[in-house]
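We count residues from 1, following the sequence as given.
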Amino acid sequence: MKFEFLTRTNVNALHTLCTGDKPEFASANKKRQQWFDEMFRRGLRGWIAFQDHKPAGYIEYLPIEAAPFPVTGQDANFITCLWVLPQYQHQGVGGSLLAACDDESTLVSVDEGQVAVEHKPVNFFTHFGFEEKDRDGDNILLTRERADVRLQPVRYRPHANGQRLAVDVLYNPECPWSTRTAERVVETIKSHPA
């Protein structure tokens with residue numbers, strides 16, 4: 001297994017890691033590239049694990065002040081994604097990716113209480129020394145070292161026009177699966193006659 005620091009040059013390897021070359025993800029991968037461009041300007045860093053010159057997993061993180069999640073804090077890095085392909089799971093790749101970040105400042109992560117393949121569960125992080133720092137519903141903020149970090153509660157308000165059904169479609173452009181799901185929801189809503 002070979003590990004490379006995430007750069008603008010090798011970031012394109014990540015597009016096929018999560019979605020393969022499936023054409024239905026072209027739009028999502030384009031949005032993801034735009035997200036990467038913006039986040040590199042805001043301090044995005046990470047590592048890619050390669051096996052036989054093909055990506056096997058990666059980790060990416062940002063200064064917590066730039067986190068795309070409602071958290072506050074300082075002197076910490078927020079893990080935006082840690083992904084390992086299924087065939088490389090339980091072989092130490094995820095732990096090795098975390099270890100590659102050890103020279104950085106404090107790492108924090110949020111488990112959103114979702115069953116999603118790309119998100120590592122709380123017990124993965126606790127196995128590597130992370131502890132619960134804050135909780136808001138299903139959102140759990142984890143940190144490996146003492147850090148002054150907190151979740152910011154998110155509350156939604158109803159739309160003013162009560163005559164129609166209002167739908168908020170929330171997604172993370174960093175994740176092509178999240179983006180593609182949001183695109184399908186919007187397509188379905190637009191095709192509805194009401």
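- For the ring pair (Phe, Tyr, Trp, His ring centres under 6.0 Å) test, residues two or more places apart in sequence or in another chain that qualify with Phe128 are Phe124.
- Residues meeting the side-chain hydrogen bond (donor to acceptor under 3.5 Å, both in side chains) test with Ser96, sequence neighbours left out: none.
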Exercise for review: Go through the steps for Cys101 and Ile59 under the test side chain to side chain contact (heavy atoms under 4.5 Å, CB included), then give the verdict.
Suggested key: CA-CA 9 Å; Cys101 306; Ile59 187 170; 3.8 Å; yes

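- Judged as a salt bridge (charged side-chain N to carboxylate O under 4.0 Å, His left out), and not counting sequence neighbours, the contacts of Glu38 are Arg41.
- For Lys190 and Glu187, the salt-bridge test fails: no basic side-chain N is under 4.0 Å from an acidic carboxylate O.
- A search for side chain to side chain contact (heavy atoms under 4.5 Å, CB included) contacts involving Ala26 returns nothing, not counting sequence neighbours.
- Annotation: side chain to side chain contact (heavy atoms under 4.5 Å, CB included) contacts of Gln87 (sequence neighbours excluded): Leu85.
- The side-chain hydrogen bond (donor to acceptor under 3.5 Å, both in side chains) search around Asn12 returns none, not counting sequence neighbours.
- For Phe36, there are no ring pair (Phe, Tyr, Trp, His ring centres under 6.0 Å) partners, not counting sequence neighbours.
- Each of Asp37, Val11, Leu6 was evaluated against Leu44; a single residue qualifies, Leu6, per the side-chain contact (heavy atoms from CB on, under 4.5 Å) test.
- With sequence neighbours left out, Asp134 forms a side-chain hydrogen bond (donor to acceptor under 3.5 Å, both in side chains) with no residue at all.
- Applying the side-chain hydrogen bond (donor to acceptor under 3.5 Å, both in side chains) definition to pairs two or more places apart or across chains, those involving residues 122-133 are Glu132-Arg135.
- Listed by chain and number, the residues in a side chain to side chain contact (heavy atoms under 4.5 Å, CB included) with Lys22 are Glu24, Phe25, Trp177 (sequence neighbours excluded).
- In this structure, Thr72 has no side-chain hydrogen bond (donor to acceptor under 3.5 Å, both in side chains) partners at least two apart in sequence or on a different chain.
- Listed by chain and number, the residues in a side chain to side chain contact (heavy atoms under 4.5 Å, CB included) with Glu65 are Pro63, Gln74 (sequence neighbours excluded).
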